Amino acid sequence: MQKVFSHSSLSSYENCPKKYHYRYVEKRPADSESVEGFLGKRVHEILERLYQFVGEGRVPSLERVLHRFHANWDTQWNEDRIRIVRSEMKPDFYRRLGVRCIENHYRRHYPFDAEKTEGIEKKIQFRLDPAGQYEVRGVIDRLARARDGALEIHDYKTGQRVPRQEQLDRDRQLALYELGLRERLGETGEIRLVWLYLLSNQIRVSRRSPEQLEELRESTKASIDCIRTETEWEPRTSPLCGWCEYRDVCPAQAQTPPQ
């Protein structure tokens, strides 16, 4: 059974206990990944590299950044492993989405001096309780210090959907990271949760009160308890089944078409 949890593992269980069992209990390797996941990884690694250069006092041209993106895409593309659920879409369609994400971010934030980068792909691991029975980890895309002194947790999104503000105000992932930063770094000032929707070139911001963070702590512990007492691991069919890497072995044999 998993000892250290993450937002991703908790979400996996909430979406489908069977998928969680395959991935985190059996540790069954996936023989494929979705093209959306591939696209997200390529964009994230380019922005990581970009901010590394910025931190060294060098701002590469957009042309160079896109050249690296295309090189990485070509090197790592594997048509036998990458699944395109929407069969009417071709790989170049997703490549163009990646280009648009990078162009939008570059042009909006150039010359990248609005905040000071405190961390890139920053790993964080912390306990929700003094006894260490509930441990959580994650990776922050970018940690930035704004000009007003606030600490910002940045999360890059490459999908087309932009959630409503009330959904983001209930989001668990970045709020967990805030909880961890306050515990591990002793941060007492303002922390902003920032989502950068690269494809639509939109930014969303949310904040959490101390009371909300404590509620999150308790609800996350309850979610972990639920997983620890699970014995059935029943599949839960949904439109997400079309993108599941374990679809071929799942007993539900979900045929729900993607939306």
Side-chain angles (χ1 to χ4, degrees), residues 7-8 11 32-56 58-79 81-115 117-122 138-144 146 152-165 167-168 171 173-174 177 192-206 240 242-243 245 258-259:
H7 168 74
S8 295
S11 295
S32 66
E33 70 172 319
S34 70
V35 69
E36 291 85 1
F38 178 84
L39 164 64
K41 289 177 183 177
R42 302 292 78 77
V43 172
H44 275 72
E45 68 192 11
I46 288 300
L47 294 182
E48 178 184 3
R49 183 181 175 90
L50 170 61
Y51 280 104
Q52 286 173 344
F53 277 111
V54 170
E56 296 168 358
R58 298 180 290 163
V59 180
S61 67
L62 177 57
E63 180 182 9
R64 289 191 62 184
V65 173
L66 291 176
H67 176 79
R68 170 58 61 180
F69 169 74
H70 287 299
N72 287 5
W73 185 285
D74 291 336
T75 299
Q76 300 183 65
W77 179 265
N78 183 335
E79 62 182 14
R81 190 177 188 281
I82 299 169
R83 292 175 287 105
I84 300 180
V85 176
R86 295 189 172 100
S87 56
E88 72 276 12
M89 301 300 185
K90 304 303 178 186
D92 275 352
F93 168 78
Y94 294 95
R95 184 198 291 257
R96 289 194 298 272
L97 293 183
V99 169
R100 192 194 311 171
C101 286
I102 294 167
E103 287 178 338
N104 284 346
H105 187 81
Y106 188 99
R107 289 171 175 150
R108 181 168 189 150
H109 296 278
Y110 183 87
F112 308 100
D113 58 356
E115 319 95 6
T117 298
E118 299 275 350
I120 308 170
E121 295 296 310
K122 182 178 178 62
V139 180
I140 300 172
D141 288 344
R142 180 171 175 250
L143 192 61
E152 296 186 343
I153 301 171
H154 288 198
D155 192 49
Y156 305 129
K157 298 295 186 184
T158 55
Q160 299 190 44
R161 176 177 172 272
V162 179
R164 297 188 305 274
Q165 184 65 43
Q167 291 177 279
L168 294 174
D171 180 86
Q173 183 178 14
L174 299 197
Y177 296 164
R192 291 192 283 262
L193 315 181
V194 182
W195 294 264
L196 298 97
Y197 290 90
L198 306 175
L199 201 55
S200 59
N201 202 12
Q202 297 185 50
I203 295 177
R204 295 289 185 271
V205 179
S206 182
L240 296 174
W243 281 267
E245 62 269 37
Q259 295 180 350

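Just so it is clear, the values below take in all heavy atoms, side chains as well, and ignore hydrogens, waters and symmetry mates. No experiment lies behind these values; they were computed from the predicted model shown.
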Quiz item: Between Glu115 and Arg142, is there a salt bridge with N-O shorter than 4.0 Å?
Solution: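 Yes, this pair counts.
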Quiz item: Aromatic ring centroids of Tyr156 and Trp195 under 6.0 Å?
Solution: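 No, too far apart.
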Practice problem: May I ask you to check whether Tyr106 and Phe112 place their ring centers less than 6.0 Å from one another? | Solution: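 Close enough - the centres of the two rings lie under 6.0 Å apart.
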Practice problem: List in chain and number order the residues that pass side chain to side chain donor-acceptor pair (under 3.5 Å) with Glu33, two or more places apart in sequence or in another chain; answer none if no residue qualifies. | Solution: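 Partners of Glu33 under the side chain to side chain donor-acceptor pair (under 3.5 Å) test: Lys41.
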Practice problem: Return the set of residues passing side chain to side chain donor-acceptor pair (under 3.5 Å) with Ser32 (not counting sequence neighbours), or none when no residue passes. | Solution: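 If we apply the side chain to side chain donor-acceptor pair (under 3.5 Å) test to Ser32, skipping adjacent residues, the hits are Arg83.
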Please enumerate all residues that pass salt bridge (Lys or Arg N to Asp or Glu O under 4.0 Å) together with [X], with sequence neighbours excluded.
{"X": "Glu56", "result": "Arg58"}
{"X": "Glu45", "result": "Arg42"}
{"X": "Asp155", "result": "Lys157"}

Quiz item: Should we count CZ of Phe93 as having more than 12 external heavy atoms under 6.0 Å?
Solution: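 Check passes, neighbour count above 12.
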Quiz item: So with a 6.0 Å cut-off around NE2 of His70, is the heavy-atom count from everything else above 12?
Solution: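 More than 12 within 6.0 Å, yes.
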Identify the heavy atoms of [X] and [Y] that sit nearest to each other, and give their distance.
{"X": "Leu199", "Y": "Thr158", "value": "CD2-O, 4.0 Å"}
{"X": "Val35", "Y": "Ile82", "value": "CA-CG2, 3.6 Å"}
{"X": "Leu168", "Y": "Ser206", "value": "O-OG, 3.9 Å"}
{"X": "Ile84", "Y": "Met89", "value": "CG2-O, 3.6 Å"}
{"X": "Gly98", "Y": "Phe69", "value": "CA-CZ, 3.8 Å"}
{"X": "His44", "Y": "Asp141", "value": "NE2-OD2, 3.1 Å"}

Practice problem: Run the numbers on Thr117 and Val54 for side chain to side chain contact (heavy atoms under 4.5 Å, CB included), then give the verdict. | Solution: CA-CA 9 Å; Thr117 298; Val54 170; 5.7 Å; no
Side chains of [X] and [Y]: does their closest heavy-atom pair fall under 4.5 Å?
{"X": "His154", "Y": "Leu196", "result": "yes"}
{"X": "Ile120", "Y": "Gln52", "result": "yes"}
{"X": "Arg86", "Y": "Glu36", "result": "yes"}
{"X": "Tyr197", "Y": "Pro163", "result": "yes"}
{"X": "Val85", "Y": "Ser34", "result": "no"}
{"X": "Leu193", "Y": "Val205", "result": "no"}

Exercise. Please state whether the rings of His109 and His105 are parallel, tilted or perpendicular, taking 30° and 60° as the class boundaries.
Key: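 Aromatic pair His109/His105 classed tilted.
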[atom2] on [Y] to [atom1] on [X], rounded to 0.5 Å:
{"X": "Lys90", "Y": "Glu88", "atom1": "NZ", "atom2": "CD", "answer": "9.0 Å"}
{"X": "Leu97", "Y": "Leu198", "atom1": "CG", "atom2": "CG", "answer": "11.5 Å"}
{"X": "Leu39", "Y": "Cys101", "atom1": "CG", "atom2": "SG", "answer": "6.0 Å"}
{"X": "Thr75", "Y": "Arg68", "atom1": "OG1", "atom2": "CZ", "answer": "8.0 Å"}
{"X": "Leu62", "Y": "His67", "atom1": "CG", "atom2": "NE2", "answer": "13.0 Å"}

Quiz item: Can you list the steps and then say if Ile102 with Leu66 is a side chain to side chain contact (heavy atoms under 4.5 Å, CB included)?
Solution: CA-CA 8 Å; Ile102 294 167; Leu66 291 176; 3.8 Å; yes
Practice problem: Apply side chain to side chain contact (heavy atoms under 4.5 Å, CB included) to the pair Phe38 and Trp73, showing each step before the final yes or no. | Solution: CA-CA 9 Å; Phe38 178 84; Trp73 185 285; 3.6 Å; yes
Quiz prompt | Leu174 backbone acceptor or donor facing Asp171 side chain under 3.5 Å | solution =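 Side chain of Asp171 to backbone of Leu174, a donor-acceptor pair under 3.5 Å: yes, one is there.
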Practice problem: Only counting residues at least two apart or in another chain, list the ones meeting side-chain contact (heavy atoms from CB on, under 4.5 Å) with Ser61. | Solution: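 Scan of Ser61 (side-chain contact (heavy atoms from CB on, under 4.5 Å), adjacent residues dropped) gives Glu63, Arg64.
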Exercise. Apply salt bridge (Lys or Arg N to Asp or Glu O under 4.0 Å) to Asp74 and Arg95, showing your working.
Key: CA-CA 10 Å; Asp74 291 336; Arg95 184 198 291 257; 2.6 Å; yes
Self-check item: Candidate pair Arg108 and Asn201, rule side chain to side chain contact (heavy atoms under 4.5 Å, CB included), full reasoning
Solution: CA-CA 8 Å; Arg108 181 168 189 150; Asn201 202 12; 3.3 Å; yes
